[in-house]
Amino acid sequence: MSLGDKRVLISDSIDSCCPDRLEKAGFTVDVRPGITKEDLLLCIKDYDGLIVRSRTQVTAEVINAGTKLKAIGRAGTGVDNIDIPTASANGVSVINTPAGNSISAAELTCAMMLALARNIPQGDASVKAGKWERKRFMGIEIQGKTLGIIGLGHIGREVATRMQGFGMKTIGYDPLVPAPEAIKFGVEWMETEKIWPIADFITVHTPLIPATKGLLNDATFSKCKKGVRVINVARGGIIDEEALVRALQSGQCGGAGLDVFCEEPPTNRSLLDQEKVICTPHLGASTVEAQKKVAEEIADEFIAMAEGRVVNGLLNAKTLKQKSSE
């Protein structure tokens, strides 16, 4: 793998350490946050690399227009804004930085869990409205409760170790993480069908793919412990929003902490108006530390690629290898 003339376009806002790092390594970098789709289509032919966050949609049209393109970098974890099959077909590497925002996303998940347990946002709003409703906001303790973690990658593991510190029992599922590995960070591995009936809290940390879309739905909610609380700081759509509303209304679900939505910004008032739903505007990676980490990491990955070293965040390595051997 190489990066040709090492000319890179950064099309989204990113910490300045990213272009600084690349330029010190001999790259030519153009930073154009907020570039329109039309302008991107016109100029992408001049670049060997493209670095984005979540705003830029790297569609098949964009990739096909990038005739020199060798790599697309996502400063962050989710790559649902990048057409990976088209990139692979064109021999373009797709790279992400899954570790960079792990701590921030995990901490927000834990904060959501505590806020759900103690009705913190609702209590805050009540006091500011001039009320004093102690009985109304009776909460529960976290200690001794069972946390089901779906997805045991970087973020799921960080959540597990933190909530173990609160005295929670952590159980989890991930098709790519075997039980002997999970137990090393204190998680008892089990199939989802065994998790639903015993978890007091369920948090999801998976990509949004066909296998995870609507993972929590009417059928799965019906199998859960009554009053289960759910958290999604991963991707909108993993929890079926309409099914969640029905579960909240029936009492089957005791609360939800949502940082992501099927549509962003969300417009589903039947969900947003539920008193037991806590919402934040996709803040999982929104910390000073995470922004700097992902910027540094994606720059380092591009430098490694240019120097012929191992690229740790390469997502389509297998497909590219198969293509090169054809």
Would you call [X] and [Y] a side-chain contact if the rule is heavy atoms closer than 4.5 Å?
X      : Y      : result
Leu116 : Ile278 : yes
Ser93  : Val311 : no
Phe261 : Cys279 : yes
Gln252 : Cys224 : yes
Val230 : Phe221 : yes
Lys145 : Lys169 : no
Leu147 : Val159 : yes
Met163 : Thr109 : no

Short side-chain to backbone donor-acceptor contact, [X] and [Y], under 3.5 Å:
X      : Y      : value
Thr170 : Gly186 : yes
Ser126 : Gln122 : no
Trp189 : Asp174 : yes
Thr212 : Pro207 : yes
Glu289 : Ser104 : no
Asp48  : Gly4   : no
Asn232 : Leu258 : no
Asn101 : Ala285 : no
Thr36  : Asp39  : yes
Glu241 : Leu271 : no

Considering non-hydrogen atoms only, spot the tightest contact between [X] and [Y] and give its length.
X      : Y      : value
Pro19  : Ile14  : CD-CG2, 4.4 Å
Ile51  : Cys18  : CD1-SG, 4.0 Å
Gly257 : Met112 : CA-SD, 3.7 Å
Ala75  : Arg53  : O-NE, 3.0 Å

Measure the spacing between [atom1] of [X] and [atom2] of [Y] and express it to the nearest 0.5 Å.
X      : Y      : atom1 : atom2 : answer
Lys45  : Thr67  : NZ    : OG1   : 8.0 Å
Met168 : Phe201 : CE    : CZ    : 5.5 Å
Ser270 : Arg246 : OG    : CZ    : 9.5 Å
Asn217 : Ile239 : CG    : CD1   : 10.5 Å

Other residues, nucleotides and ligands only: do more than 12 of their heavy atoms fall within 6.0 Å of [atom1] on [X]?
X      : atom1 : value
Arg162 : CZ    : yes
Lys276 : NZ    : no
Arg134 : CZ    : no
Phe185 : CZ    : yes
Lys225 : NZ    : yes

Should Asp15 and Lys292 be marked as a salt bridge (Lys or Arg N to Asp or Glu O under 4.0 Å) after you check the CA-CA gap, both sets of side-chain angles, and the distance that decides it?
CA-CA 6 Å; Asp15 192 277; Lys292 187 168 185 179; 5.9 Å; no
Is a donor from one side chain sitting under 3.5 angstrom from an acceptor on the other, for Asp259 and Thr280?
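Side-chain D/A pair, Asp259 to Thr280: present.
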Answer yes if the side chains of Asn268 and Glu242 hold a donor-acceptor pair under 3.5 Å, and no otherwise.
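Yes, a side-chain donor-acceptor pair sits under 3.5 Å.
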With clusters built from Ile, Leu, Val, Met, Phe, Trp and Tyr whose side-chain heavy atoms come within less than 4.5 Å, directly or transitively, what are the remaining members of the cluster of [X], listed by chain and number?
X      : result
Tyr47  : Leu9, Ile35, Leu40, Leu41, Ile44, Leu50, Val52, Val58, Val62, Ile63, Leu69, Ile72, Val79, Ile82, Ile84, Val92, Val94, Leu315
Val127 : Trp132
Val294 : none

Hey, mind stepping through Asp30 and Arg7 against salt bridge (Lys or Arg N to Asp or Glu O under 4.0 Å) and telling me if it holds?
CA-CA 8 Å; Asp30 291 327; Arg7 189 172 181 194; 3.1 Å; yes
Name the one of Lys135, Lys131, Arg136 that satisfies side chain to side chain donor-acceptor pair (under 3.5 Å) with Glu133?
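Of the listed options, the one satisfying the test is Arg136.
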What's the verdict on salt bridge (Lys or Arg N to Asp or Glu O under 4.0 Å) for Arg157 and Glu181, showing C-alpha distance, side-chain angles and the deciding distance?
CA-CA 11 Å; Arg157 297 179 190 211; Glu181 177 66 22; 3.2 Å; yes
Of all residues at least two apart in sequence or in a different chain, which pass the salt bridge (Lys or Arg N to Asp or Glu O under 4.0 Å) check with Asp5?
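With sequence neighbours excluded, Asp5 shows a salt bridge (Lys or Arg N to Asp or Glu O under 4.0 Å) to Lys68, given in chain and number order.
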side-chain contact (heavy atoms from CB on, under 4.5 Å) for Leu208 and Asp80? Distances and angles first, verdict last.
CA-CA 8 Å; Leu208 180 64; Asp80 40 306; 5.6 Å; no
Holding to side chain to side chain contact (heavy atoms under 4.5 Å, CB included), I want the full list of residues that pass it with Ala25, two or more places apart in sequence or in another chain.
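Once residues adjacent in sequence are excluded, the partners of Ala25 under the side chain to side chain contact (heavy atoms under 4.5 Å, CB included) criterion are Phe27, Ile303.
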The criterion is side chain to side chain contact (heavy atoms under 4.5 Å, CB included); which residues satisfy it with Thr192, sequence neighbours excluded?
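Partners of Thr192 under the side chain to side chain contact (heavy atoms under 4.5 Å, CB included) test: Ile150, Tyr173, Trp196.
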Worked check of side-chain contact (heavy atoms from CB on, under 4.5 Å) between Arg74 and Asn81
CA-CA 9 Å; Arg74 165 69 163 98; Asn81 58 321; 4.0 Å; yes
Test side-chain hydrogen bond (donor to acceptor under 3.5 Å, both in side chains) on Thr56 and Ser11; report intermediate values, then the result.
CA-CA 7 Å; Thr56 300; Ser11 62; 2.8 Å; yes
